[in-house]
Amino acid sequence: MAPQALILPQSFYNRNTLAVAEELLGKVFRRTISSSTLSGRIVETEAYIAKNDPACHAFNGRTDRNEIMFGPPGFAYVYFTYGMHYCLNFVTEPEGVAAAVLIRALEPISGIETMKANRKTDKITNLCSGPAKLTQALSITKEDNGLPLFEGNFLVEDDGFLDFDIVTTTRIGIRQGAEFPWRFYIKDSPYVSRK
DNA sequence: GACCAGATTGTCT
DNA sequence: GACAATCTGGTCA
């Protein structure tokens with residue numbers, strides 16, 4: 001019998017961002033939209049910490065866009081980029097410390113038919129294997145910015161899955177701060193964005 | 001597989 | 001006005 005899934009409490013996020021990014025691997029992200037459930041296992045993350053990290057949106061201080069990162073931990077930070085893509089982050093560290101974890105890839109678990117329709121492809125490994133792909137598959141938009149992750153319809157759960165190794169690399173798609181080894185993914189997962 | 005161009009607009013300087 | 005925590009679809013090998 002599989003262990004019961006437990007919702008990660010807000011305190012899970014109220015910690016060092018690198019630890020949270022690493023420990024989010026293997027956890028399950030789940031959202032419910034009008035009685036249908038879309039979920040997937042987190043297989044790839046990246047850490048962004050305003051202090052000393054020029055790649056972080058909050059590096060140059062508080063703005064309208066990054067305000068949520070300065071708030072309490074355990075909330076979603078969704079931003080729009082490249083004129084057409086949304087990316088999903090989880091805010092970490094105590095209130096006042098701007099930091100977040102970018103969710104880069106999921107292994108689809110439920111709601112796969114809906115994801116296929118949203119992504120206009122039938123290939124499972126192409127549904128959520130990238131930060132903008134997974135927001136498209138799960139219909140995540142600016143409307144979801146600021147939602148709590150520890151209660152409601154937008155959650156992260158621990159179902160006890162621990163059978164994997166973790167690979168640590170530099171982050172993807174940034175120019176400044178590219179040398180920080182703050183990307184984590186599940187070794188040998190076919191659902192990560194890139195090796 | 002690798003590399004490259006184009007899409008398309010919010011955000012900040 | 002420049003750029004962006006990206007993706008897709010094309011070419012070439």
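Scope of the values below: all heavy atoms of this structure, side chains included, with no hydrogens, waters or symmetry mates.
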From CG of A:Leu134 across to C1' of C:dA5 the rounded distance in Å is 12 Å
Using a cut-off of 4.0 Å on non-hydrogen atoms, how would the nucleic acid contact of A:Arg119 be classed: base, sugar-phosphate, or nothing? sugar-phosphate
In whole angstroms, the gap separating P of C:dA4 from CG of A:Leu102 amounts to 16 Å
**OP:** For the residue pair A:Phe161 and A:Phe164, categorise the inter-ring angle as parallel (less than 30°), tilted (30 to 60°) or perpendicular (more than 60°).
**Re:** parallel
Assign the ring pair A:Phe90 / A:Phe29 to parallel, tilted or perpendicular, where the plane angle (0 to 90°) is split at 30° and 60°.
tilted
#### Entry: Polar side chain donor-acceptor pair, A:Glu44 to A:Ser193, under 3.5 angstrom
yes
query = Checking A:Arg41 side chain against A:Gly26 main chain: does a donor-acceptor pair fall under 3.5 Å?
reply = yes
Here the distance between atom P of C:dA4 and atom OH of A:Tyr48, to the nearest Å, is 12 Å
Here the distance between atom P of C:dC7 and atom NZ of A:Lys123, to the nearest Å, is 14 Å
Per atom distances to the A:Arg175 side chain, the nearest of C:dA5, C:dT8, C:dA4 is C:dA4
Below 4.0 angstrom, N of the basic side chain to O of the carboxylate: do A:Asp53 and A:Arg171 qualify?
yes
Distance col, row A:Thr135:OG1 vs A:Tyr79:OH, nearest 0.5 angstrom, shows 9.5 Å
A:Asn118 atom CG is separated from C:dT8 atom C1', nearest whole Å, by 17 Å
For A:Ala55, report the nucleic acid contact type (base, sugar-phosphate, nothing); a contact means any heavy atom under 4.0 Å. base
To the nearest angstrom, the CD-P distance between A:Glu44 and C:dT6 comes to 10 Å
A:Arg104 atom CZ is separated from C:dC7 atom P, nearest whole Å, by 7 Å
Using Watson-Crick geometry (N1-N3 plus N6-O4 or O6-N4) or G-U wobble (N1-O2, O6-N3), each under 3.5 Å, C:dC12 is paired with B:dG1
query: Just by modelled atom types, is the A:Tyr185 backbone N or O under 3.5 Å from a matching donor or acceptor in the A:Arg104 side chain?
result: no
With sugar-phosphate taken as primed atoms, P, OP1 and OP2 and all else as base, the protein-contact string of nucleotides 7-13 of chain B at under 4.0 Å (heavy atoms; B, S, -) is BBBSSS-
